[in-house]
Amino acid sequence: MYKVVIVDDEPLARQLVRTLLTPYGDIEIAEECSNGFEGFKAIQETQPDLVFLDVQMPRLSGFEMLEILDTCPSVIFTTAFDNYALQAFDAHAVDYLLKPITKERFEQAMRKWLQQTGEHDRKVQELIQQHTTSTYEHRIVVKDNSKIRIIPTQDIHYIEASDDYVKIISTDGTYLKKSTMARIEQNIDPQQFVRVHRSFLVPVTQLLRIEPYEKDSHIAILQCGVKIPVSRNGMTQLKTRLGW
């Protein structure tokens with residue numbers, strides 16, 4: 001018996017997936033959720049084999065929900081927007097169904113998933129957020145113990161690398177997120193943030209002044225009072241960004 005969770009803010013869309021799943025006698029619908037927060041909780045509690053997931057939902061998007069999960073099941077995206085397809089497949093999605101979903105297209109996705117399940121023994125896939133469009137995130141989602149925090153990028157003082165995590169220092173406090181600096185840098189607006197050092201990413205609005213430190217290096221003084229090292233490459237990026 002396989003367990004399935006349906007996450008979609010549209011009741012009719014959830015009903016359609018539920019109806020299309022009826023012929024599959026070996027599938028149990030463990031939960032139906034109307035937003036990413038409910039989906040996160042349901043997946044953590046039920047550990048399903050497959051999730052049908054909408055992309056655009058209130059408060060927490062489908063991709064943001066996947067990013068904070070400890071472990072992720074297989075995912076079939078269900079959405080009315082075709083511009084997330086590349087991002088979905090970068091996240092190792094089984095399939096990407098455009099609404100309105102037809103029976104034929106649904107059955108094709110299910111055959112694909114059942115085939116993959118047999119071939120890979122239902123291994124859990126790590127789902128990562130990779131933006132392939134020109135849009136950037138204006139917030140960062142982190143899991144803080146049992147809570148989910150949404151940090152607007154305008155509230156960030158700076159971001160620091162910390163082993164396998166990044167440390168996000170904001171007006172509300174400091175949070176750890178399991179990610180890399182490269183991934184964070186890729187997802188936020190390069191016009192607003194500068195990689196001043198391999199371990200530090202700083203918002204341009206936080207820069208108060210820059211002082212010489214040692215040969216070919218500098219120190220950035222931030223509005224919050226913190227001093228951040230600036231490497232030679234970081235200084236070059238700063239000059240380019242600020243038009244010096």
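Rounded to the nearest 0.5 angstrom, E160 CD and L176 CG are separated by 10.0 Å. Distance check, rounded to the nearest 0.5 Å: OG of S34 to CD1 of I6 gives 12.5 Å. Atoms OG1 and CD1, on T205 and I156 in that order, are 10.0 Å from each other to the nearest 0.5 Å.
At least one donor-acceptor pair closer than 3.5 Å links the side chain of D189 to the backbone N or O of Q191. No donor-acceptor pair closer than 3.5 Å links the side chain of K167 to the backbone N or O of Y175. Counting only distance, with no hydrogens or angles, the side chain of S61 and the backbone of M57 share no donor-acceptor pair below 3.5 Å. Using a distance-only test at 3.5 Å, with no hydrogens or angles considered, no donor-acceptor pair links the side chain of S162 to the main chain of Y165. A donor-acceptor pair under 3.5 Å is absent between the side-chain atoms of R195 and the main chain of P190, judged by distance alone. In this structure, T236 contributes its side chain and R232 its backbone to a donor-acceptor pair below 3.5 Å. Checking side-chain atoms of Q47 against main-chain N and O of I43 turns up a donor-acceptor pair under 3.5 Å.
Checked against D95 for a side-chain hydrogen bond (donor to acceptor under 3.5 Å, both in side chains), the options R105, K112, R111 give a single hit: R105. Exactly one of I168, V196, I188, V166 qualifies for a side-chain contact (heavy atoms from CB on, under 4.5 Å) with L201. That residue is I188.
At a threshold of 4.5 Å between non-hydrogen side-chain atoms, the residues L97 and I76 count as touching. Contact check for I148 versus I68: side-chain heavy atoms found under the 4.5 Å cut-off. I140 places a side-chain heavy atom less than 4.5 Å from the side chain of I159.
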When you look at F63 and F77, which way does the ring pair (Phe, Tyr, Trp, His ring centres under 6.0 Å) test go after all the steps?
CA-CA 10 Å; F63 289 113; F77 283 94; 5.1 Å; yes
Derivation of the side chain to side chain contact (heavy atoms under 4.5 Å, CB included) call for I184 and M181
CA-CA 5 Å; I184 294 291; M181 290 291 281; 5.6 Å; no
Dump the intermediate steps for side chain to side chain contact (heavy atoms under 4.5 Å, CB included) on I219 and I210, then the final yes or no.
CA-CA 6 Å; I219 290 287; I210 298 172; over 6 Å; no
Using the side chain to side chain contact (heavy atoms under 4.5 Å, CB included) rule, take V142 and I151 through it: C-alpha gap first, then chi angles, then the decisive distance, then the call.
CA-CA 8 Å; V142 300; I151 308 170; 4.1 Å; yes
Step-by-step side chain to side chain contact (heavy atoms under 4.5 Å, CB included) determination, V75 to L66:
CA-CA 9 Å; V75 174; L66 291 176; 3.9 Å; yes
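Note on K3 versus E31: no salt bridge recorded, every NZ/NE/NH1/NH2 to OD/OE distance being 4.0 Å or above. Between K227 and E211 no salt bridge is recorded (no basic side-chain N to carboxylate O distance below 4.0 Å). Ionic pairing of R149 and D144 is present here: one or more N-O contacts between side-chain nitrogen and carboxylate oxygen are shorter than 4.0 angstrom. A salt bridge does not link D9 to R14: none of the charged side-chain nitrogens sits closer than 4.0 Å to a carboxylate oxygen.
Other residues, nucleotides and ligands contribute more than 12 heavy atoms inside 6.0 Å of the CG atom of D26. In this structure, R198 places its CZ atom where only 12 or fewer heavy-atom neighbours from other residues, nucleotides or ligands lie under 6.0 Å away. Other residues, nucleotides and ligands contribute only 12 or fewer heavy atoms inside 6.0 Å of the OH atom of Y213.
Ring pair Y2/W113 is perpendicular by interplanar angle, where above 60° counts as perpendicular and below 30° as parallel.
In this structure, A30 and V5 approach most closely via the heavy-atom pair CB-CG2, 4.3 Å. Of all heavy-atom pairs between P203 and Y158, the closest is CD-CA, 4.1 Å. Contact record, P73 with P48: CB-O, 3.1 Å, taken as the closest heavy-atom pair. A pairwise comparison of heavy atoms in G234 and S231 identifies N-OG, 3.0 Å as the closest pair. When every heavy atom of T153 is checked against every heavy atom of E137, the shortest pair comes out as CG2-O, 3.9 Å. The shortest non-hydrogen separation linking N35 to P58 is CB-O, 4.3 Å.
For the residue pair Q15 / T19, no side-chain donor-acceptor distance below 3.5 Å is found, with atom types taken as modelled.
Checked against a 6.0 Å centroid threshold, the rings of F52 and F106 count as neighbours.
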